[in-house]
Amino acid sequence: MSGGGGGGCSIVWFRRDLRVEDNPALTAGVRAGAVVAVFIWAPEEEGQYYPGRVSRWWLKQSLAFLDSSLRNLGAPLITKRSTDSVSTLLEVVKSTGATQLFFNHLYDPLSLIRDHRAKEVLTSHGIAVRSFNADLLYEPWDVNDAHGQPFTTFSAFWERCLSMPYDPEAPLLPPKRIIPGDISRCPCDTLVFEDEFEKASNALLARAWSPGWNNADKALTAFINGPLIEYSRNRRKADSATTSFLSPHLHFGEVSVKKVFHLVRIRQVLWANEGNKAGEESVNLFLKSIGLREYSRYISFNHPYSHERPLLGHLKFFPWVVNEGYFKAWRQGRTGYPLVDAGMRELWATGWLHDRIRVVVSSFFVKVLQLPWRWGMKYFWDALLDADLESDALGWQYISGTLPDGREFDRIDNPQFEGYKFDPNGEYVRRWLPELARLPTEWIHHPWNAPESVLQAAGIELGSNYPLPIVGIDTAKARLQEALSQMWQQEAASRAAIENGTEEGLGDSSESAPYTFPQDIQMEENLEPVRNNPPSAPRRYEDQMVPSITSSLLRIEEEETSSDLRNSAADSRAEVPINVNVQQNARVTLNPGAAVLQSPHSNARLQQNNGATELRITAEDSTAESSSSGRRERDGGVVPVWSPPTSSFSEQFVGDENGIGTSSSYLQRHPQTHEILNWRRLPQTG
DNA sequence: CGACATTTGTA
DNA sequence: ACAAATGTC
């Protein structure tokens, strides 16, 4: 396994494993001889999930740290700008004379496809390709129930993980030094991660966060030595500095989960020996949140659609309220519910939110406002520093009640009560909603009930400097009931239609006139959300239209932007290629031998017609996404930018074999979803 | 010590 | 809202 005498070096392809310690691909590369470390920035490949501003900021910092560590070890990080990672890899291989490629696994749907293709293409060029597990305690395909089937509930999954017959592998030490490959003919591209606007907005982030693997290590140590022991007691506090703050580090793989697991476990044994029950329990709870991260990859691998369609099919028939006024009020933190609003303001200003508050605001979004969950998920994607497709998809599905072990649909959490639970003294609300700062705790989570005199004393005029509740909880409950009964009706009708052989189970009504967002959703300072008005916007049965992302970077880099993007390109925005429909989505060019991943229900599958498949998303798509976004400064933070409508989503694979409904839940349907993309079928080492 | 009440936590 | 865990007599 060493060098192989051929003299060719190895490429180590860094992605979301931006660390030198416990990096199996890097270790393998170093063992094999000379190494060329590469990072390819090809955000257009992410289509709609082009990374948000804060996420890109983090990546930039993190790469700088990685580069300097690699340099210290002997080989710099080669950075490449690309719209097609695989062909760029090929170029790098050619210009360096490499004979091997090493990388670590990713499990989001896009990466599964891209990496699969990378293996195929590079292998066909005579390159030895090997990939490794660097992101998880156990590979998804190694965790199965007694019948060899994937788990479908978290607790069963996690129980199994914790009782596997073998422990997760011990973390690898960083290499002592790296022999550099020949990069004389492989120049770096300068990567641009932020434009001038964004730079200004991002300046503040550095005060609160320190990206990079060495800082990740510090954060981990600080957490284990500090807040961990109190985790079980404190984890419910919205305002806490008691979380690990590891999530962005983990997202970019600056610290390995295996290392976290091992260190935390060691501490647990220690506490157990001391009879420290609280400490022991704290570790269990913290590990559970690590487990959820694992589970999100597990779900994504087994159901590569989970980021865009409900796992339990009935939600497909939920009549979502398509109301951009609600949506805007939610984003701005002007719903009239202090806990929700405080959360949204914090997110807006810092790109961060405590897990509890994520649940509160997303649950409010889905249950009270009844907005399509994918909008919310997309907003999180754009705004969160630790935006993570798999984790966020899991979270939103959990909230929406489309997981077997998720929250029930018909349950509305009352933000007022949750407020007193998670923020009993109102400190959190006061910090993020200065307009309520003078309100006594008694009323802080339900100002609408406060006596006029109290409001006056606190300088609050409801409906003027703080909104009345956008929707009353009772109204929301009634509406939710109504919507749910509609949903079940639709579901039943659809099933009946399928049984009658009327193939088109889903009412085509929804497909005919795709709703589009208003052109420009600006962050207006004093927008007053309408109160309790029945949703003026139509309800719709498909939840597929996701307001698009903003990528102002592209605006700068690609000058070719056409004049009227909104109408042309915006309608045909590149989607996550999973659902690419060639006819409809003209912008997504499927080059000869299109790779098309089909519905999970018809067994997700990468179809390849001939060897060199290529799925390319043209630059125009993303450029289009950058148009018409409003931005405004706002106390310290910067308002996340929101841009206009997105395409209709091509969820046309309507007539899934089994129909869609609870009776034929995905539990029974998922069998071979992963067969094709299963890594087991790919050369596996490590 | 078991039957029953109360509290708690809910991926 | 509910099931599990914990507390009480």
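A, B, ... follow the sequence lines: proteins, then strands. Residue 1 opens every chain. Source: prediction; values computed, not measured.
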Exercise for review: Report which part of the nucleic acid A/G395 touches: base, sugar-phosphate, or nothing (heavy-atom distance under 4.0 Å, all strands).
Suggested key: base
**Study point:** Rounded P spacing from B/dA11 to C/dT6 in Å
**Key:** 16 Å
Practice item. Would you please confirm or rule out a distance under 4.0 Å between OP1 or OP2 of B/dT10 and any side-chain N or O of A/R356? Key: yes
In this structure, how many angstroms lie between the [atom2] atom of [N] and the [atom1] atom of [X], rounded?
X: A/W158; N: B/dT10; atom1: CH2; atom2: P; result: 16 Å
X: A/N414; N: B/dT10; atom1: CG; atom2: P; result: 19 Å
X: A/D388; N: B/dA11; atom1: CG; atom2: P; result: 19 Å
X: A/D392; N: B/dA11; atom1: CG; atom2: P; result: 18 Å
X: A/N234; N: B/dG9; atom1: CG; atom2: P; result: 13 Å
X: A/D413; N: B/dA11; atom1: CG; atom2: C1'; result: 13 Å
X: A/R407; N: C/dC2; atom1: CZ; atom2: C1'; result: 12 Å
X: A/H303; N: B/dA11; atom1: NE2; atom2: P; result: 18 Å

Check your understanding: Charged N to carboxylate O under 4.0 angstrom, A/K277 versus A/E281?
Key -> no
Practice item. Please determine if A/D341 and A/R345 form a salt bridge, counting it only when a charged side-chain N lies under 4.0 Å from a carboxylate O. Key: no
Check your understanding: Does A/D355 get its side chain close enough to the base of B/dA11, under 3.5 Å, for a donor-acceptor pair?
Key -> yes
Exercise for review: Rounded to the nearest 0.5 Å, what's the gap from CZ on A/R334 to CG on A/L433? Could you check?
Suggested key: 9.5 Å
Review point. Between atom CG of A/L436 and atom CZ of A/R430, what is the distance when rounded to the nearest 0.5 Å?
Key: 9.0 Å
Point to revise | ring centroid sep under 5.5 Å plus plane angle under 30, A/Y398 with B/dA11 | key: yes
